[in-house]
Amino acid sequence: MVADNKHCKICKPEKRIDTLPLSDRQRNDLKNIAEAFQYSKEHKPGLNVLISATNIETAVHAAHALAAQCELKVKVIKFGDMDNFDQAIRLADPVSQGKITLMDYAFSQTTGEAHLLLIVDQNGVIEWRETAKHNDMGINLSARSVVTALLDRLGHYPGLCCVAMHECPNTNIPLEFHTHLKLEYPPEEMQIYQWEEHLKCGAVTGDDLANLVEQHPMHIVEIDSIMHRASIQSLIEGKAHQLSLETVKIVIERYRGKNKAPVLFGRK
């Protein structure tokens, strides 16, 4: 990964659509979006994609895989850096070398068509329903102003832009986006296999894992993260070689809440 500066990173994508831990249908959705981008390049309007998931890393991986499919590098900027209340962040314009905002730098035409522009809402700040309200003061006003500016730039951007965010609110997405890819949990058998890989040395049955997936569906990177945290917890308890399903469940409830995740996806 090469850093243009501490607020923007440019990298060659390593993820590929066919290896993403998603359903076949959603992999095909990504491939279809790549074809739509090729069409948009010929007709000049650009293509803006909203990618949401219960796990932000999963959404980011999907954007990287889309870039690879389109044979583009990825230009990554955190929305939290754009959401800067005092507008202190200024970068050198690639053409004039004058100081410009991070928002203007992100959508610079000189690099817009060479990269997939990926804006990551890591902290879950974006709320589309509030972009038209401007009567509150403080940080929330700043966030809404930046969202308004973001949508304005998207409406004129000639390249491929993805905004990755946590679960999107149950509202209509802005018209500036051409599509919304809401990433579902992977198939249950894929989740069970990942748990098996982590817990294969423990006394865990297939029924135990099936119940775990039914009660707590997750993306694959979430499972890996939970297992890492459970391993740390086990070490703290002096049980380094006795990682149990009970410890895993305790960690899940600590970070996700008891039965917080609905059983909606991953059935097929």
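Keep in mind that what you see is a predicted model, and the values were worked out from it rather than measured. Every heavy atom of this structure was used, including side-chain atoms; hydrogens, water molecules and symmetry mates were not.
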Using side-chain contact (heavy atoms from CB on, under 4.5 Å) as the criterion, list what pairs up with Ala164, not counting sequence neighbours. Ile56, Ala59, Val60, Leu118
Any donor-acceptor pair under 3.5 Å linking the side chain of Glu222 with the backbone of Asn55? no
Nearest heavy-atom neighbours spanning Lys73 and Lys12: CG-CA, 4.4 Å
Separation of Leu47 CG from Cys70 SG (nearest 0.5 Å): 8.0 Å
Just jot down the side-chain hydrogen bond (donor to acceptor under 3.5 Å, both in side chains) partners of Asn32, sequence neighbours excluded, or say none. none
All salt bridge (Lys or Arg N to Asp or Glu O under 4.0 Å) counterparts of Asp29, not counting sequence neighbours: Arg25
Distance in Å, Thr58 OG1 paired with Met218 CE, rounded so as to fall on 0.5 Å steps: 11.5 Å
Return the set of residues passing salt bridge (Lys or Arg N to Asp or Glu O under 4.0 Å) with Asp207 (not counting sequence neighbours), or none when no residue passes. none
Under the ring pair (Phe, Tyr, Trp, His ring centres under 6.0 Å) rule, collect the residues that match up with His219, sequence neighbours excluded. Tyr185
Testing the basics here: between Trp195 and Met227, what is the closest heavy-atom pair and its distance to 0.1 Å? CZ3-SD, 3.4 Å
Are Ile250 and Val213 joined in one hydrophobic group, where the rule is that I, L, V, M, F, W and Y side chains link up if heavy atoms are under 4.5 Å apart? no
Decide whether Arg16 and Gln69 meet the rule of one side-chain donor and one side-chain acceptor closer than 3.5 Å. no
Applying side-chain contact (heavy atoms from CB on, under 4.5 Å) to Pro13 and not counting sequence neighbours gives His64, Ala67, Ala68, Val74
Between Glu176 and Asp152 (side chain of the first, backbone of the second, donor and acceptor by atom type, cut-off under 3.5 Å), is there such a pair? no
Checking the side chain of Ser234 only, and the main-chain atoms of Ala230 only, is there a donor and an acceptor separated by less than 3.5 Å? no
The criterion is salt bridge (Lys or Arg N to Asp or Glu O under 4.0 Å); which residues satisfy it with Lys31, sequence neighbours excluded? Asp18
Between Leu66 and Leu30, which heavy-atom pair has the shortest distance, and what is it? CD1-O, 3.6 Å
So, the side chain of Lys75 versus the backbone of Ala106: is there a donor-acceptor pair under 3.5 Å, distance only? yes
Starting from the C-alpha separation in whole Å, work towards a yes-or-no answer on side chain to side chain contact (heavy atoms under 4.5 Å, CB included) for Thr179 and Ile173. CA-CA 9 Å; Thr179 188; Ile173 65 171; over 6 Å; no
Quick check: closest heavy atoms across Leu183 and Ala53, and the distance to 0.1 Å? CB-CB, 3.9 Å
For Ser52, give me all partners under side-chain hydrogen bond (donor to acceptor under 3.5 Å, both in side chains), at least two apart in sequence or on another chain. His180
Sidechain-backbone polar pair: Arg27 side chain, Leu20 backbone, donor-acceptor under 3.5 Å: yes
Just by distance, do the side chain of Glu196 and the backbone of Gln191 share a donor-acceptor pair under 3.5 Å? no
Treating His166 as the side-chain partner and Gln122 as the backbone partner, does any N or O pair qualify as donor plus acceptor under 3.5 Å? yes
Check the pair Cys8, Val76 against side chain to side chain contact (heavy atoms under 4.5 Å, CB included), reporting the backbone distance first and the verdict last. CA-CA 6 Å; Cys8 174; Val76 186; over 6 Å; no
Between Asp104 and Arg153, does any NZ, NE, NH1 or NH2 come within less than 4.0 Å of an OD or OE carboxylate oxygen? yes
List the steps and the verdict of side chain to side chain contact (heavy atoms under 4.5 Å, CB included) for Phe37 and Leu116. CA-CA 11 Å; Phe37 172 63; Leu116 179 151; over 6 Å; no
In Å and rounded to the nearest 0.5 Å, what is the NE2 to CG distance from His156 to Leu151? 12.0 Å
Quick one: side-chain hydrogen bond (donor to acceptor under 3.5 Å, both in side chains) partners of Lys41, sequence neighbours excluded? Gln38
How long is the span from the CD1 atom in Ile119 to the NZ atom in Lys78, to the nearest 0.5 Å? 14.0 Å
Trace of the side chain to side chain contact (heavy atoms under 4.5 Å, CB included) decision for Leu150 with Phe79: CA-CA 9 Å; Leu150 172 63; Phe79 179 81; 4.2 Å; yes
Asp121 CG to Ile51 CD1 distance, which is reported to the nearest 0.5 Å: 13.5 Å
Excluding sequence neighbours, so at least two apart, what forms salt bridge (Lys or Arg N to Asp or Glu O under 4.0 Å) with Arg229? none
Looking at every non-hydrogen atom in both residues, tell me the closest pair between Phe177 and Leu50 and how far apart they are. CD2-N, 3.6 Å
Can you hop from Ile252 to Met190 via hydrophobic side chains spaced under 4.5 Å? yes
Which residues satisfy the side-chain contact (heavy atoms from CB on, under 4.5 Å) test with Glu14, sequence neighbours excluded? none
Quick one: are Lys15 and Thr19 in side-chain contact, heavy atoms under 4.5 Å? no
Between Glu197 and Tyr193, is any pair of side-chain heavy atoms under 4.5 Å apart? yes
Between Val49 and Val163, is there a side-chain heavy-atom distance shorter than 4.5 Å? no
Count the heavy atoms belonging to other residues, nucleotides or ligands that lie under 6.0 Å from CG of Leu175, then report whether that count exceeds 12. no
What about Val204 and Ile226, same hydrophobic cluster or not, with Ile/Leu/Val/Met/Phe/Trp/Tyr joined at side-chain heavy-atom distances under 4.5 Å? yes
Any side-chain heavy atom of Val120 within less than 4.5 Å of one from Ile77? no
Closest approach of Ala210 to Ile192 (non-hydrogen atoms, all atoms of both residues): CA-CD1, 4.1 Å
Checking Asp224 now: which residues fulfil side-chain contact (heavy atoms from CB on, under 4.5 Å) with it, not counting sequence neighbours? Gln194, His198, Ile220
So CG of Leu209 and CD of Glu214: to nearest 0.5 Å the spacing works out to 13.0 Å
